[in-house]
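Indexing begins at 1, ligand by ligand and atom by atom, following the structure's order.
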Amino acid sequence: MLRFAAAAALLAGATAAWADTIEEKAVLCSVCHGANGLPDFPATPIIWGQNEGYLYLELRDFQKGARKDDRMTPIAQSLAKEDLLALAAYFSTKPWPKTGAPSASKADTAVAKTAINSVVCTSCHLEEFQGDSSVPRLADQVDRYLLKTMIDFRDHARANNPGMSDLMNTVTPEQLGAMANYLAGL
Ligand code: HEC
Ligand code: HEC
């Protein structure tokens with residue numbers, strides 16, 4: 001965790017100091033989000049191939065403080081709005097890196113589907129959980145990140161979308177765990 005925080009602090013300075021082009025700035029993101037798109041740290045999301053509008057909104061929310069994270073906040077605040085737009089465009093055109101996560105067990109799938117059908121997650125995240133524009137793709141996202149961020153929504157530690165927080169308060173902890181496994185294995 002220390003290494004993580006130190007990298008963030010270093011990179012926040014570095015992005016401003018010597019990374020001129022978007023490709024150079026994107027190299028710094030790869031320290032955590034992975035040089036081949038597969039994150040190198042636990043509970044860190046895949047951003048390669050994520051929807052462009054969503055990537056921009058998250059970077060903007062980290063910059064404004066609407067979404068908080070010790071690593072992402074200083075990085076987003078070191079960048080200009082044009083950089084956030086350009087980075088969102090850059091990463092959205094990369095191919096989604098397959099995690100190879102196994103499909104959820106039959107038991108987890110059943111528990112997950114009960115919650116997914118009752119909340120109708122697919123009305124926004126769409127069939128196959130690919131999302132669109134400002135709605136994130138969830139399919140094949142990192143298991144531990146999915147679980148962490150759903151818990152953060154539920155507990156309002158992630159408070160940048162009150163609608164998602166309300167929904168996460170309608171499901172049980174068991175359903176949250178099962179949904180993370182199910183979505184990660186799609
Ligand atoms: C020091 C590690 C680190 C670096 C460097 C880093 N990130 Fe992140 N990033 C994270 C972590 C950890 C999260 C998840 C935060 C949370 O749990 O809410 C995250 C979240 C994000 C998200 C939200 C994704 C989602 O699915 O909601 C975006 C977008 C993002 N980062 C983009 C970037 C960009 C662009 C850069 C480079 C300018 C970058 N990150 C550099 C660690 C890092
Ligand atoms: C009314 C539309 C809607 C419904 C229904 C919905 N979501 Fe979402 N969800 C969103 C939006 C919009 C976001 C992005 C919020 C933001 O701006 O940060 C999101 C974000 C998320 C994220 C964070 C993804 C990331 O990369 O950080 C997860 C996980 C998630 N939703 C899971 C679910 C699950 C599971 C369900 C059903 C139980 C569900 N959502 C139902 C609209 C919806």
Check for a donor-acceptor pair, side chain of Thr114 on one end and backbone N or O of Ala112 on the other, with a separation under 3.5 Å. no

Could you tell me whether a side-chain N or O of Asn51 sits under 3.5 Å from a main-chain N or O of Tyr54, the two making a donor and an acceptor? no

May I ask you to list the atoms of ligand 1 that are less than 4.0 angstrom from any heavy atom of [X]?
{"X": "Arg71", "value": "1 (C), 12 (C)"}
{"X": "Thr44", "value": "12 (C)"}
{"X": "Cys32", "value": "1 (C), 2 (C), 3 (C), 4 (C), 5 (C), 42 (C), 43 (C)"}
{"X": "Ile75", "value": "4 (C), 5 (C), 6 (C), 38 (C), 41 (C)"}
{"X": "Leu28", "value": "5 (C)"}
{"X": "Leu59", "value": "32 (C), 35 (C)"}

Any protein N or O within less than 3.5 Å of an N or O in ligand 2? List each pair with its distance, or say none.
{"residue": "ligand 2", "atom": "7 (N)", "partner": "His125", "partner atom": "NE2", "Å": "2.8"}
{"residue": "ligand 2", "atom": "9 (N)", "partner": "His125", "partner atom": "NE2", "Å": "2.9"}
{"residue": "ligand 2", "atom": "17 (O)", "partner": "Glu58", "partner atom": "OE2", "Å": "3.2"}
{"residue": "ligand 2", "atom": "18 (O)", "partner": "Glu58", "partner atom": "OE1", "Å": "3.2"}
{"residue": "ligand 2", "atom": "18 (O)", "partner": "Glu58", "partner atom": "OE2", "Å": "2.9"}
{"residue": "ligand 2", "atom": "18 (O)", "partner": "Arg158", "partner atom": "NH2", "Å": "2.7"}
{"residue": "ligand 2", "atom": "18 (O)", "partner": "Asn160", "partner atom": "ND2", "Å": "2.9"}
{"residue": "ligand 2", "atom": "26 (O)", "partner": "Tyr54", "partner atom": "OH", "Å": "3.3"}
{"residue": "ligand 2", "atom": "27 (O)", "partner": "Tyr54", "partner atom": "OH", "Å": "3.0"}
{"residue": "ligand 2", "atom": "27 (O)", "partner": "Tyr145", "partner atom": "OH", "Å": "2.5"}
{"residue": "ligand 2", "atom": "27 (O)", "partner": "Arg158", "partner atom": "NH1", "Å": "2.8"}
{"residue": "ligand 2", "atom": "31 (N)", "partner": "His125", "partner atom": "NE2", "Å": "2.9"}
{"residue": "ligand 2", "atom": "40 (N)", "partner": "His125", "partner atom": "NE2", "Å": "2.9"}

Where do Phe91 and Cys29 land on the side-chain contact (heavy atoms from CB on, under 4.5 Å) test, with the steps shown first? CA-CA 10 Å; Phe91 282 111; Cys29 315; 3.8 Å; yes

Heavy-atom closest contact (Met150 atom, Leu176 atom, distance): CE-O, 3.6 Å

Nearest heavy-atom approach of Leu57 to Ser134 is CD1-CB, 3.6 Å

Would you compute the distance between atom [atom1] of [X] and atom [atom2] of [Y] and round it to the nearest 0.5 angstrom?
{"X": "Leu28", "Y": "His33", "atom1": "CG", "atom2": "NE2", "value": "11.5 Å"}
{"X": "Gln63", "Y": "Tyr56", "atom1": "CD", "atom2": "OH", "value": "7.5 Å"}
{"X": "Cys32", "Y": "Ile47", "atom1": "SG", "atom2": "CD1", "value": "9.5 Å"}

If only side-chain N and O atoms count, and only distance matters, is there a donor-acceptor pair under 3.5 Å linking Gln50 with Arg137? no

Would you kindly say whether Arg158 and Thr149 are connected by a side-chain donor-acceptor distance under 3.5 Å? yes

From atom 8 (Fe) of ligand 1 out to just under 2.8 Å, does an N/O/S atom of His33 turn up? yes

Check if Val31 has a non-hydrogen atom at a distance under 4.0 Å from any atom of ligand 1. no

